[in-house]
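All values below were derived from every heavy atom in this structure, side-chain atoms included, with hydrogens, water molecules and symmetry-related copies excluded.
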Amino acid sequence: PYSLSDEDSEMVSLVAPSAEDAITQFAVDETYKRVCVGYDYYEQGKLVKENDAKCEFPFTYDSGPKDSYGKICTFIDDDNIVINIYGKAYDKSGKPAEADGLGSKEPFSNEHLTLDDVNTISISMLDGPVDIEKNKKIYIFATIGDNDDDLEVADISTLMEDNKLLSSYDKCFAFYAIFK
């Protein structure tokens, strides 16, 4: 997870209030070629739509493979899904090696899958660092909708490993990252 400074939080709240808790940071070595971000949609714990609306960001640089660092922002804003990826290359000494880049799919319509019919909306996010493994789906953020007014949500890792917990919610948009 990425923790915003007070000043950053004010800026994000001004531009995209739904995004304040939806930012995840990453770091990978030069063996990784790209990151793919998308979401899986669940209703009462059943997967309804898998790998929807992917956004890819390549780690390609003019001078060859480099360590890459960046941030991913994933959230739902009204009937739109927002996926933004910011990446940057570093050399072995930790200095920026080349210009940064931005990949995004923002916004794209989500009208066929909506949270309009639920009373309560909550989020689930990472509660600490996770190891990145090549080609493994890592859930990074979720938007959950339910008709229970006392909605309590666990961290995203716990949520996605516990099918009984996931099935207790009416709807879940579970955002993931896959590093390749």
Side-chain angles (χ1 to χ4, degrees), residues 1-4 9 12-13 15-26 34-57 70-87 102-180:
Y2 181 70
S3 297
L4 298 169
S9 181
V12 170
S13 293
V15 177
S18 302
E20 192 166 344
D21 294 318
I23 301 171
T24 306
Q25 60 188 342
F26 65 87
R34 68 185 175 280
V35 61
C36 176
V37 180
Y39 70 91
D40 293 335
Y41 173 70
Y42 294 83
E43 289 182 0
Q44 279 122 14
K46 303 257 190 271
L47 183 62
V48 174
K49 190 139 177 94
E50 184 177 22
N51 300 327
D52 202 18
K54 291 185 216 174
C55 178
E56 288 198 18
F57 183 82
K71 294 176 182 61
I72 300 168
C73 184
T74 53
F75 65 96
I76 296 175
D77 185 19
D78 296 325
D79 284 331
N80 296 310
I81 297 285
V82 178
I83 298 174
N84 290 320
I85 306 167
Y86 172 83
L102 179 69
S104 67
K105 274 212 174 189
E106 181 211 347
F108 54 89
S109 174
N110 192 48
E111 293 173 1
H112 63 289
L113 305 173
T114 181
L115 293 169
D116 288 342
D117 59 343
V118 295
N119 295 339
T120 308
I121 297 174
S122 188
I123 62 168
S124 178
M125 56 190 169
L126 291 170
D127 67 352
V130 297
D131 291 332
I132 295 173
E133 296 178 37
K134 267 192 183 172
N135 300 314
K136 181 183 175 198
K137 192 180 283 190
I138 303 167
Y139 288 99
I140 57 175
F141 188 80
T143 300
I144 298 163
D146 202 84
N147 286 310
D148 181 356
D149 292 333
D150 296 324
L151 184 62
E152 292 186 29
V153 179
D155 69 275
I156 187 73
S157 299
T158 302
L159 173 67
M160 298 313 294
E161 291 172 2
D162 186 343
N163 196 40
K164 184 176 179 183
L165 177 61
L166 183 60
S167 65
S168 70
Y169 304 122
D170 291 333
K171 296 182 176 189
C172 177
F173 292 84
F175 291 93
Y176 63 83
I178 300 173
F179 292 85
K180 299 178 179 186

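Rounding to the nearest 0.5 Å gives a distance of 11.0 Å between SG of Cys172 and CD of Glu43. The OH atom of Tyr42 sits 16.0 Å away from atom NZ of Lys171, with the distance rounded to the nearest 0.5 Å. For the atom pair CD1 of Ile123 and CG of Asp155, the computed distance is 12.0 Å after rounding to the nearest 0.5 Å. Rounded to the nearest 0.5 Å, atoms CE (Met125) and CG (Leu159) are 13.0 Å apart. With values rounded to the nearest 0.5 angstrom, Phe75 atom CZ is found 14.0 Å from Phe173 atom CZ. How far CD1 of Ile83 is from CZ of Phe57: 14.5 Å, rounded to the nearest 0.5 Å.
Of all non-hydrogen atoms in Ala177 and Phe179, the two that sit nearest each other are CB-CE1, 3.9 Å. Annotation for Ile85 and Cys55: closest pair CD1-O, 3.7 Å, computed over non-hydrogen atoms.
Side-chain atoms of Ser124 come within 3.5 Å of backbone atoms of Ala154 as a donor-acceptor pair (strictly under, hydrogens ignored).
With Ile23 as the partner, the side chain to side chain contact (heavy atoms under 4.5 Å, CB included) test is satisfied by one option alone out of Cys73, Ser3, Pro1: Cys73.
Within the structure, salt bridge (charged side-chain N to carboxylate O under 4.0 Å, His left out) pairs that include any residue of residues 122-138 comprise Asp40-Lys137, Glu50-Lys137, Glu133-Lys136 (at least two apart or interchain).
Using a 4.5 Å heavy-atom threshold, the side chains of Phe26 and Ile132 count as touching.
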Under 3.5 Å, which donor-acceptor pairs do the side chains of residues 140-148 form with other protein atoms, sequence neighbours left out?
from	atom 1	to	atom 2	distance (Å)
Asp146	OD1	Asp170	N	2.8
Asp146	OD2	Asp148	N	2.8
Asn147	OD1	Asn119	N	3.0
Asn147	ND2	Asp170	OD2	3.1
Asp148	OD1	Asp150	N	2.9

